[in-house]
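To start, the structure itself, in structure tokens.
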Protein chains: 2
Amino acid sequence: MLASSAIFRRQQFLIRSLGGHSSNIHRERMQAIKCVSGSALEADGQSILRAIVPTFDPFRYKGQAGKVAVIGGCREYTGAPYFAAISALKIGADLSHVFCTKDAAGVIKSYSPELIVHPVLEESYNIRDDEKSIISSKVLADVAKWMERFDCLVVGPGLGRDPFLLDCVSEIMKHARQLNIPIVVDGDGLFLVTNNLDLVSGYPLAVLTPNVNEYKRLVEKVLDCEINDQDAPEQLLSLARRVGGITILRKGKCDIISDGETVHVVSVFGSPRRCGGQGDILSGSVAIFSSWARQQNLATGDNLRGSPSNPMVVGSIAASTLLRKAASTAFGKKKRATLTTDIIECLGISLEEICPAS
Amino acid sequence: MLASSAIFRRQQFLIRSLGGHSSNIHRERMQAIKCVSGSALEADGQSILRAIVPTFDPFRYKGQAGKVAVIGGCREYTGAPYFAAISALKIGADLSHVFCTKDAAGVIKSYSPELIVHPVLEESYNIRDDEKSIISSKVLADVAKWMERFDCLVVGPGLGRDPFLLDCVSEIMKHARQLNIPIVVDGDGLFLVTNNLDLVSGYPLAVLTPNVNEYKRLVEKVLDCEINDQDAPEQLLSLARRVGGITILRKGKCDIISDGETVHVVSVFGSPRRCGGQGDILSGSVAIFSSWARQQNLATGDNLRGSPSNPMVVGSIAASTLLRKAASTAFGKKKRATLTTDIIECLGISLEEICPAS
């Protein structure tokens, strides 16, 4: 039963919070959570978006609206990290970096002059065994010197599965975690994390965004059972709890989001197209929205876990909601020919319709 | 005489099939075939398109609408594999891969972040003779690990004629054939196949898409005679039969399609522009449409050769019909300046006009 005591306690807590804090942010967050069935909470993503998207302020300077970094891009894959990084920018981040291999860097740079692309990762085929230790240290140092500037990392889009590269990325994740930098994990990052759960286990600033197959592997590994579609929200709740309360966004016909305490569903219809790359838009979007949600939490003095809502959950709901709206808008225009770049082009107008810039 | 006994038997079979199966798909396929002259069957490509293009289903996930791979792209040619791969995506495939040489990969990737481009092929100029055996095995292994995921291969766009590269591609084709993966052969792939007919001979999932010159070489090689334009459909029927019932789409003012059993003509006017690259749109389109036709056949329980229509023929008719409509639309807008990219941009709207997405 998902309408468990934890959920009930959380709802009670939210009601108390609403009574105690009358700010618009709190009221909107409260409105954003409503029960649509006996077993899951349908999120009002639009209210969440309006609550977390920062208002413009002429006194703000470059970087304050968010700086994200994508760790991904190798010899085989270059589109995925581009989609993630450019999506964060199109939503409103000020700066978007990509850390990838040398082979991928030139191509990713060529997709857009808006991105800052660092050719620092290395794959095994390119180096000798006796160089690995030195190169591994160098890769970490090259990323580490930037790390404190970032509001969020996205680990995994187009990362590939080269063992040496994944070892380096593990070190990067450990370093980010030491610095309390949020980490969104998707694609091949999920392959890495599923086989090394310690990288994220118990880290409240981690978000995993698995698709059907990635979720299946995660459930098998952590819960040692098959996917249970009948009680999907409850199984997700158990999974998130078992990995120490990290946030998991299970992608599907409905996106289901849990941090082991609550479960939210985003089921507004998006697009029937399933072209590759939409998951990358989502991971980049979670990065910037959760950064904003976190900024709001810090600004209003809520602590991370005791606030009306976990900012990583809030960011995930916001990202899912916006992606679905943008995909719907793009599909309305391009129909069967809709591709990921078309959806990215609709992020701005979709966000504007929900929370106008002025 | 094209109105041969085989054709007559096929028409009789179709009429019987229509009586026995009342599904819309069968009825539409039946309507799609009508006799326009004493010597050839003009295909009703629009009805075929409506019959095979899958309806959208929110429960489907990434990959289910088709995954195609193009084997092509070398130091000299990069546009052709891009055109083929992006055309499949714009029609509605979920994923589109390109396997090309290292020199071509960066450029093809830079054309679009939507494609997954694998820099795995090698040309002779880049390797020593004593390396060839090892590299050949590595190339095959690099492609083979992906092979089972694909619904169709397109072999040839921008492949070039380097002997070592073509030897590797021969091995890739043999492997695909072992796995029963359909293969569309165009461009330099036809050069390879014409000199190695065993690669496709007797393989019912092969489609060749020769232009005038490529067809001439094929006729000379297989039938040991000149092109006979007076009895073009009958000659094509003989050719397809002689190569063991593979499907051949002879491109020209009218496209003529035969699998050695039937002959269909697509003669609806497209565009008078003959800019390079239109054949690549066609090969990518045949790949995705024949995958869909095959899915429909499997879904309705028809076996491949005994169904009202061979899915490779159905896919070829659909591709020819859509390309002509898109070319016509593009020419209406761009006139003499019409290029292949303009036609690709018109694939979506052209398909939408024939079979609306919703």
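Reminder, nothing fancy here: chain letters follow the sequence lines and each chain counts from 1.
- In this structure, CD in Gln278(A) is found 8.5 Å from CG in Asp94(B), a value given to the nearest 0.5 Å.
- Atom-to-atom distance recorded for Asn213(A):CG and Lys62(B):NZ is 9.0 Å, nearest 0.5 angstrom.
- Using a 4.5 Å heavy-atom threshold, the side chains of Asn211(A) and Tyr61(B) count as separate.
- Remark: side-chain polar atoms of Arg60(B) are not paired, donor with acceptor, to backbone N or O of Arg273(A) under 3.5 angstrom.
- Note that CG of Leu89(B) and OG1 of Thr338(A) are 11.5 Å apart. Values are rounded to the nearest 0.5 Å.
- Annotation for Tyr77(B): atom OH does not count as buried by contact number, only 12 or fewer foreign heavy atoms lying within 6.0 Å.
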(Q) Under the criterion side-chain contact (heavy atoms from CB on, under 4.5 Å), I'd like the reasoning laid out for Arg336(A) against Leu347(B): C-alpha separation, chi angles, the key distance, then a yes or no. (A) CA-CA 9 Å; Arg336(A) 292 182 195 277; Leu347(B) 288 171; over 6 Å; no
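- The contact between Ile91(B) and chain A is made entirely by backbone atoms, counting heavy-atom distances below 4.5 Å.
- With hydrogens and angles disregarded, a donor-acceptor distance shorter than 3.5 Å links the side chain of Lys109(B) to the backbone of Arg75(A).
- Proximity to chain A (any heavy atom under 4.5 Å) is shown, for Ile108(B), by neither the backbone nor the side chain.
- Side-chain contact check for Asp57(B) versus Pro272(A): every heavy-atom pair is 4.5 Å or farther apart.
- Checked against the 6.0 Å centroid threshold, Phe331(A) and Phe56(B) count as a close aromatic pair.
- In Lys334(B), the NZ atom is not crowded: 12 or fewer heavy atoms of neighbouring residues, nucleotides or ligands sit closer than 6.0 Å.
- Heavy-atom distances place no part of Lys67(B) under 4.5 Å from chain A, backbone and side chain included.
- In terms of non-hydrogen atom pairs under 4.5 Å with chain A, the most contact-rich of Ser96(B), Ala65(B), Gly92(B) is Gly92(B).
- Counting heavy atoms from C-beta outward, Glu114(B) and Thr340(A) have side chains that approach closer than 4.5 Å.
- When the candidates Gly276(A), Gly106(A), Ala104(A) are compared by the number of heavy-atom contacts under 4.5 Å with chain B, Gly276(A) comes out ahead.
- When Ser112(B), Ala105(B), Gly63(B) are compared by the number of non-hydrogen pairs under 4.5 Å with chain A, Ser112(B) comes out ahead.
- With a 6.0 Å radius and a threshold of 12 heavy atoms from other residues, nucleotides or ligands, Leu179(B) has its CG atom above the threshold.
- How far CD1 of Ile349(B) is from NZ of Lys335(A): 9.0 Å, rounded to the nearest 0.5 Å.
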Q: Please report the C-alpha distance between Ile116(B) and Glu76(A) in whole Å, then the side-chain angles of each, then the deciding distance to 0.1 Å, and finally whether the side-chain contact (heavy atoms from CB on, under 4.5 Å) criterion is met.
A: CA-CA 7 Å; Ile116(B) 300 167; Glu76(A) 265 178 332; 5.5 Å; no
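- Contacts of Ser110(A) with chain B are made by side-chain atoms alone, with heavy-atom separations under 4.5 Å and no backbone atom involved.
- Only the side chain of Tyr82(A) comes within contact range of chain B, with at least one heavy atom under 4.5 Å from a heavy atom of that chain.
- Val117(B) has its side chain out of reach of Val107(A): every pair of non-hydrogen atoms, C-beta onward, lies at least 4.5 Å apart.
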